Amino acid sequence: MSTLMSTLEIGEIGLTLEGPEDWLAPLDAAWATWNGPEPGIPVQLLPDATLPAPAGPYFEARPRFVDGVCYLEAPGFVGVIALAEGKAILRAHPAVTASDLSYFIRTVIALAAFEQGALLVHGAGIVHHDVAYILYGLSGSGKSTAAALSTGRPVLNDDLLLLRPATSGWEVHATPFGRRRHPEVTAAPLRALLRLVQAPQDALEEISSAQALAELAANSPVVNADVARTPLLLQRWQTVLQEIPAYRLHFRKANTFWEVIDAHFG
């Protein structure tokens, strides 16, 4: 089995992926927009037939942290991410799927982004009037629905976004980890954070900073599972909320919620 090496760059977070061509070639093609020019953190993907066949998708595994090192283990998978040592290694049964590999890689991205002052966010990023809105919430809140309803507006991603500080404010970057994304627009300055609530009528509701902080931390995958990183995670979101407004967006299944957003933000 031949080996392939490729680079991935998301919002200045770079990885160098190395693994079997059969594993990496499909991801390399699907993620062509994010092929980086420079090497990044080494990520090794190693087939290991001695491991049991996977009992389920890898995303069902939950990260476990010991002294800053992330262990992501499940039947058929043994993943270790030690950024202090500059390495991330996944040993996996040969029967793994592309989505399994993607899950490990996005876990590396979440931790690498956090170490570099950025955040991976569980949310839909939609560009409207050249600025981005993050419509966030846990699974089932309506992120994909809101993205699908936002016709004529570039969707950075309908599930996972990278948020990092910019010269002025914060900037939202597209990631390859989702179903819906615009092929050309990959980043925009952040205008607001909107917690999605499906409702009969469209409305914006003020939300306290404490509520927003708790919900945004809950929507910061991987990092929020590490008790040692939690204080800095909360501090970082507090910094974001000092600059970026957060609201609860009640929306019905129509694109009219953008009229409510325009009426408020102009």
Side-chain angles (χ1 to χ4, degrees), residues 1-64 69-116 118 120 122 155-162 173-187 221-222:
M1 185 181 295
S2 58
T3 299
L4 182 66
M5 183 175 290
S6 65
T7 55
L8 178 68
E9 183 178 304
I10 302 171
E12 301 179 25
I13 311 299
L15 305 182
T16 297
L17 311 177
E18 182 178 3
E21 185 174 4
D22 289 350
W23 284 6
L24 278 182
L27 293 178
D28 207 32
W31 297 350
T33 300
W34 290 271
N35 287 341
E38 302 293 337
I41 298 167
V43 179
Q44 291 182 287
L45 307 172
L46 307 174
D48 187 343
T50 69
L51 293 172
Y58 195 21
F59 68 77
E60 292 179 351
R62 292 294 175 262
R64 176 174 60 88
V69 177
C70 177
Y71 297 89
L72 199 59
E73 301 169 338
F77 307 95
V78 178
V80 180
I81 305 168
L83 294 184
E85 301 172 26
K87 68 178 184 181
I89 301 171
L90 172 65
R91 292 193 297 113
H93 187 275
V96 299
T97 66
S99 62
D100 294 325
L101 301 172
S102 175
Y103 178 64
F104 182 74
I105 293 166
R106 81 184 197 190
T107 301
V108 179
I109 285 287
L111 292 170
F114 191 71
E115 295 303 312
Q116 297 184 32
L120 194 66
H122 197 43
V155 176
L156 298 174
N157 195 284
D158 67 349
D159 189 50
L160 284 168
L161 306 159
L162 185 75
H173 292 261
T175 78
F177 313 121
R179 294 180 298 277
R180 181 183 296 272
R181 54 183 180 267
H182 196 278
E184 297 176 1
V185 180
T186 59
V222 183

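Below, all heavy atoms of this structure are taken into account, side chains as well, without hydrogens, waters or symmetry copies. Keep in mind it's a predicted model, so treat the numbers as computed, not measured.
The salt bridge (charged side-chain N to carboxylate O under 4.0 Å, His left out) pairs that include a residue from residues 80-89 are E85-K87, where partners are two or more places apart or lie in different chains. The side-chain hydrogen bond (donor to acceptor under 3.5 Å, both in side chains) pairs that include a residue from residues 30-50 are D48-T50, D48-R91, where partners are two or more places apart or lie in different chains. For residues 70-84, the pairs satisfying side-chain hydrogen bond (donor to acceptor under 3.5 Å, both in side chains) are R64-E73, with sequence neighbours left out. The salt bridge (charged side-chain N to carboxylate O under 4.0 Å, His left out) analysis of residues 50-59, with sequence neighbours excluded, yields no pairs.
Between L46 atom CG and W23 atom CH2 the span is 7.5 Å, to the nearest 0.5 Å. Within the model, atoms CG of L4 and CG of L17 stand 9.0 Å from one another, a figure rounded to the nearest 0.5 Å. Summarising the geometry, atom CD1 belonging to I109 is positioned 5.0 Å from atom CG belonging to L8; distances are rounded to the nearest 0.5 Å. Between L45 atom CG and F104 atom CZ the span is 7.0 Å, to the nearest 0.5 Å. Atom OG of S6 is separated from atom CG of L24 by 5.0 Å, given to the nearest 0.5 angstrom.
A pairwise comparison of heavy atoms in S2 and E21 identifies OG-OE1, 2.6 Å as the closest pair. Minimum interatomic distance between P221 and A110 (heavy atoms only, all atoms of both residues): O-CB, 3.9 Å. The shortest non-hydrogen separation linking P63 to C70 is CB-SG, 3.6 Å. Of all the heavy atoms in G76 and L51, the pair that sits closest is O-CD1, 3.7 Å.
Remark: E12 engages no residue in a salt bridge (charged side-chain N to carboxylate O under 4.0 Å, His left out) (not counting sequence neighbours). Judged as a side chain to side chain donor-acceptor pair (under 3.5 Å), and not counting sequence neighbours, the contacts of T97 are S99, D100. Residues meeting the ring-ring contact (aromatic ring centres under 6.0 Å, His included) test with Y58, sequence neighbours left out: F77, Y103. Under the side-chain contact (heavy atoms from CB on, under 4.5 Å) criterion, T16 pairs with M5, T7, P39, not counting sequence neighbours. By the side-chain contact (heavy atoms from CB on, under 4.5 Å) test, A113 pairs with I13, A118, L162, sequence neighbours left out. Not counting sequence neighbours, the partners of I41 by the side-chain contact (heavy atoms from CB on, under 4.5 Å) test are L15, L83, A112. In this structure Q116 satisfies the side chain to side chain donor-acceptor pair (under 3.5 Å) test with no other residue, sequence neighbours excluded.
A donor-acceptor distance shorter than 3.5 angstrom exists from the side chain of T175 to the backbone of L160, with no hydrogens or angles considered.
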Query raised in the report: Given L161 and L156, is the side-chain contact (heavy atoms from CB on, under 4.5 Å) satisfied, shown in steps?
Result: CA-CA 8 Å; L161 306 159; L156 298 174; 4.0 Å; yes
Report task. Any chance you could lay out the side-chain contact (heavy atoms from CB on, under 4.5 Å) test for F114 and V222, step after step, and finish with the verdict? Result -> CA-CA 10 Å; F114 191 71; V222 183; over 6 Å; no
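No side-chain heavy atom of P42 sits less than 4.5 Å from a side-chain heavy atom of E18.
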